Amino acid sequence: MKVRKTEDGFHWLIVDEQLAVSLFNESNIELYALYDDGSEALIETKEDLESHIEVSGSMAIALGFNPAESCPRCDSPLIPSCIAEYDWQCLSCDEDFYEVEL
């Protein structure tokens with residue numbers, strides 16, 4: 001996975017189409033459509049997702065201005081965990097972490 005940093009210092013975790021569909025259908029993680037002009041939009045409906053996939057647009061998870069540290073196992077970016085008792089999740093190695101583990 002790739003992290004994109006915007007001019008204002010905001011970080012996005014770029015996800016591929018397959019992962020985007022999976023996250024949209026099976027988690028509460030918010031996905032965003034990223035546009036070439038630097039703007040973004042929350043993907044709120046299945047139609048939003050399908051139309052953005054149709055135009056081969058980039059999709060991402062917001063990491064924020066100061067993203068969490070990298071995964072201690074595989075060094076990939078972490079996202080907020082979709083499992084309530086954990087703080088962070090690594091999509092690459094499918095592990096969840098507490099804040100104190102980082």
Side-chain angles (χ1 to χ4, degrees):
M1 281 178 271
K2 184 172 94 173
V3 174
R4 181 185 298 173
K5 184 178 178 183
T6 60
E7 288 180 19
D8 65 355
F10 195 85
H11 294 78
W12 295 95
L13 178 64
I14 307 300
V15 296
D16 63 25
E17 177 183 325
Q18 182 180 3
L19 181 55
V21 170
S22 177
L23 289 172
F24 185 83
N25 291 327
E26 300 170 17
S27 77
N28 60 352
I29 295 173
E30 292 182 334
L31 287 173
Y32 290 84
L34 302 183
Y35 300 101
D36 293 336
D37 66 358
S39 65
E40 72 280 332
L42 180 63
I43 297 174
E44 298 183 74
T45 65
K46 190 169 186 159
E47 291 77 25
D48 291 345
L49 179 64
E50 290 169 352
S51 66
H52 200 65
I53 288 171
E54 207 171 278
V55 297
S56 300
S58 294
M59 290 170 282
I61 298 167
L63 296 177
F65 287 100
N66 295 308
E69 296 181 39
S70 299
C71 175
R73 293 188 183 200
C74 71
D75 205 37
S76 293
L78 297 174
I79 63 168
S81 180
C82 60
I83 300 173
E85 59 265 14
Y86 290 99
D87 299 304
W88 300 102
Q89 178 180 9
C90 176
L91 295 176
S92 294
C93 64
D94 195 29
E95 291 291 331
D96 291 276
F97 300 96
Y98 298 107
E99 185 74 35
V100 296
E101 294 179 285
L102 304 178

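Numbers for residues simply follow the sequence, beginning at 1. Keep in mind that this is a model prediction, so the values were computed, not measured.
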Say whether Val100 and Ile83 are linked into one hydrophobic cluster, either directly or through other cluster members, by side-chain heavy-atom distances under 4.5 angstrom.
-> yes
Any side-chain heavy atom of Phe24 within less than 4.5 Å of one from Lys46?
-> yes
Looking at CD of Glu17 and OG of Ser58, how far apart are the two atoms once the value is rounded to the nearest 0.5 Å?
-> 12.0 Å
Leu42 and Leu31: which non-hydrogen atoms are nearest, and at how many Å?
-> CD1-O, 3.4 Å
Provide the closest heavy-atom pair for Leu13 versus Pro77 in the form atom of the first, atom of the second, distance.
-> CD1-CG, 3.6 Å
Taking it one step at a time, do Thr6 and Trp12 satisfy side-chain contact (heavy atoms from CB on, under 4.5 Å)?
-> CA-CA 8 Å; Thr6 60; Trp12 295 95; 3.6 Å; yes
Is it true that Tyr86 and Trp88 have ring centroids separated by less than 6.0 Å?
-> no
Please name the pair of heavy atoms, one in Ile29 and one in Pro80, separated by the smallest distance, quoted to 0.1 Å.
-> CD1-O, 4.1 Å
With the side chain counted from C-beta on, respond yes when Gln89 and Leu91 share a heavy-atom pair under 4.5 Å apart, and no when they do not.
-> yes
Answer yes or no: does atom CG of Asp8 have more than 12 heavy-atom neighbours from other residues, nucleotides or ligands under 6.0 Å?
-> yes
So do Phe97 and Ser81 actually touch side chain to side chain, heavy atoms under 4.5 Å?
-> no
Residues Ile61, Leu23; criterion side-chain contact (heavy atoms from CB on, under 4.5 Å); working and verdict = CA-CA 10 Å; Ile61 298 167; Leu23 289 172; 3.6 Å; yes
Contacts of Asp37 meeting side-chain contact (heavy atoms from CB on, under 4.5 Å) (sequence neighbours excluded), chain-then-number -> Tyr35, Ser39
Supply the atom-to-atom distance Ser27 OG to Leu19 CG, rounded to the nearest 0.5 angstrom.
-> 8.5 Å
Has Glu54 got more than 12 heavy atoms of other residues, nucleotides or ligands less than 6.0 Å from its CD?
-> no
Evaluate the criterion side-chain contact (heavy atoms from CB on, under 4.5 Å) for residue pair Cys74 and Cys90; output intermediate values, then yes/no.
-> CA-CA 9 Å; Cys74 71; Cys90 176; 3.5 Å; yes
Backbone N/O of Glu99 and side chain of Asp87: donor-acceptor pair under 3.5 Å | yes
Any side-chain heavy-atom pair of Cys71 and Cys93 under 4.5 Å | yes
For Glu95, what residues pass the salt bridge (charged side-chain N to carboxylate O under 4.0 Å, His left out) criterion, not counting sequence neighbours?
-> Arg73
Would you confirm whether Glu101, through its side chain, and Tyr98, through its main-chain N or O, come within 3.5 Å as a donor-acceptor pair?
-> yes
Please answer whether the main-chain N or O of Gly64 pairs with a side-chain N or O of His11 as donor and acceptor at a distance below 3.5 Å.
-> yes
Compare all side-chain heavy atoms of Leu49 with those of Met59 and state whether any distance is below 4.5 angstrom.
-> yes
Step through the shown structure and confirm whether more than 12 heavy atoms of other residues, nucleotides or ligands are within 6.0 Å of CG on Asn25.
-> yes
If you round to the nearest 0.5 Å, how far is CG of Asp96 from CG of Asp94?
-> 7.0 Å
Can Ile53 and Val21 be said to form a side-chain contact (heavy atoms from CB on, under 4.5 Å), step by step?
-> CA-CA 9 Å; Ile53 288 171; Val21 170; 3.7 Å; yes
